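Quick note on labels: first sequence line is chain A, next is B, and so on, each numbered from 1. Just so you know, these numbers come straight off a predicted model, no measurement behind them.
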2 protein chains.
Amino acid sequence: MNQMRDDDIASVMRALGHPVRLSILRILAEQDAGDCCCTDVTQCLPLAQSTVSQHIKVLLDAGLVERQAKGTRNCYKLRTDRLAEFNSACSGLFAGLATTVSPVKELA
Amino acid sequence: MNQMRDDDIASVMRALGHPVRLSILRILAEQDAGDCCCTDVTQCLPLAQSTVSQHIKVLLDAGLVERQAKGTRNCYKLRTDRLAEFNSACSGLFAGLATTVSPVKELA
DNA sequence: CTGGTTCATCGGCAATCAGCGATAGAGAAT
DNA sequence: ATTCTCTATCGCTGATTGCCGATGAACCAG
C-alpha cells in the first residue's frame, strides 16, 4: 500500500550515500537504549560538531531518524519503520529489475 | 564472504540516488532481451544524449551496469549479480541496525 | 574517400554538497 | 541574573553534480 515513488527512493538513497551518515546510523543503533545526543555522536567521529549536526539533519529530512527533546539535550533515534519500508522498497525495486522478460514468467 | 564495506555501499547508494538513474535501470531491464544502446535510452527520457551518457557512466562506475560493444553500438545491460549483492548488503545493514541491544539476542 | 550513426568526452554554467569556525538561543544550575 | 552545556544555524570555502551544446573518434555503407 505504502508505495515509495522513485523520487522518494532516490532521496533516501542520497541520504544514505555518505559513509559518515551510515556510521551515524550505526552509532544510533548501538546506543539506542539510552539517549544519544549530537555531542555523543560527535565524540565517535573525527568531525566538528556542526558537521555532524548537518549530517543528522540530512537523515532527519530523509525521515530515517527522529528527534526527541529530552531534558536539556536533543536525543536521536532510528526510525526503524522507515528503514524497513525503504528496505522493502529496495527489494521490490531490485526484484522488478531482475525479473522481466527473460526467465520464468512470474505470477503477476 | 563478499562483504561490502560502508564506503562501497555508500557509493552505490549515491549512484542510485537520482531518479533518472533509477529510470535508466528500469529501461535497461525492460529491453534486456535485445540490445539497448545509449540513444535507445535517450529516446525514453527528456534529456540530451550527453546527459544520459554521463548517467550511464555513473552506473557503470558503480558496477551496476556493463557495456558490450555489439557491432556498431555499445549495448548496456544490468549486472544483476551486483544488484543482488547490493540488495543483500542493504538487508544486512538494516538488520544490523534494527537488531542491537534491545530485543532477542541473535545467533552471532 | 565521403557521409551517416553512435557515443564518450570536453568546456561551461548554475546549483548543491561537505567541511569548518563562529554565533546565538534554550535550558539547567548556581 | 549569570554561567554553563548543548546544538542548530549562518557564512564561507572548495569540490562535486547535473545539465547542456559541441566536438571528435570509431565504425559501417556507399
_For atom NZ of B/Lys57 and atom P of D/dC19, their distance in whole Å_ = 16 Å
*Would you please name every residue forming a side-chain hydrogen bond (donor to acceptor under 3.5 Å, both in side chains) with B/Asp81, sequence neighbours left out?*
B/Arg79
*Identify the residue among B/Leu83, B/Leu25, B/Ile24 that makes a side-chain contact (heavy atoms from CB on, under 4.5 Å) with B/Val65.*
B/Leu25
*What residues, two or more places apart in sequence or in another chain, satisfy side-chain hydrogen bond (donor to acceptor under 3.5 Å, both in side chains) together with B/Asn87?*
none
*Does any non-hydrogen side-chain atom of B/Thr80 lie less than 4.5 Å from one of A/Phe94?*
no
*Can you sort out the partners of A/Asp61 under salt bridge (charged side-chain N to carboxylate O under 4.0 Å, His left out), two or more places apart, ordered by chain and number?*
A/Lys57
*Can you get from B/Leu97 to B/Phe86 by hopping between Ile, Leu, Val, Met, Phe, Trp and Tyr side chains that sit under 4.5 Å apart?*
yes
Run the side-chain donor-acceptor check on residues 36-52 of chain B: report pairs under 3.5 Å with partners two or more places apart or on a different chain.
| unit_1 | atom_1 | unit_2 | atom_2 | d |
| --- | --- | --- | --- | --- |
| B/Asp40 | OD2 | B/Cys37 | N | 3.1 |
| B/Thr42 | OG1 | B/Cys38 | O | 2.8 |

*In terms of the nearest nucleotide of DNA chain C, which residue is placed more toward the 5' end: A/His55 or B/Asp40?*
B/Asp40
*Does a side-chain heavy-atom distance below 4.5 Å link B/Leu16 with A/Leu93?*
no
*What pairs with B/Arg67 under salt bridge (charged side-chain N to carboxylate O under 4.0 Å, His left out), at least two apart in sequence or on another chain?*
none
_Whole angstrom value for the distance that separates P of D/dC19 from CG of B/Leu45_ = 10 Å
*asked:* Tell me which residues in residues 6-23 of chain B lie within less than 4.0 Å of DNA chain D, going by non-hydrogen atoms.
replied: B/His18, B/Arg21
*Counting Watson-Crick and G-U wobble pairs whose two distances are both under 3.5 Å, find the runs of 3 or more in a row that involve DNA chain C.*
C:1-30 with D:1-30
_Those residues that, when tested against B/Asp6, pass side-chain hydrogen bond (donor to acceptor under 3.5 Å, both in side chains) (two or more places apart)_ = A/Arg26
*Earliest and latest nucleotide of DNA chain C, 5' to 3', sitting under 4.0 Å from a non-hydrogen atom of chain A?*
C/dA18 to C/dA28
_Measure CG/A/Leu60 against P/D/dT7 and give the value in whole Å, please._
13 Å
*Quick one: A/Asn74 CG to D/dT9 P, roughly how many Å, whole number?*
10 Å
_Residue list, side chain to side chain contact (heavy atoms under 4.5 Å, CB included) with A/Asp8, at least two apart or on another chain_ = A/Met4, A/Arg5
*Is the closest side-chain heavy-atom distance between B/Arg82 and B/Val12 below 4.5 Å?*
yes
_Letter per nucleotide, 5' to 3', of nucleotides 20-30 of chain D [B base touched, S only sugar-phosphate touched, - untouched; heavy atoms, 4.0 Å]_ = BBB-----S--
*Going by the side chain to side chain donor-acceptor pair (under 3.5 Å) test, which pairs reach into residues 9-22 of chain B, not counting sequence neighbours?*
B/Arg21-B/His55
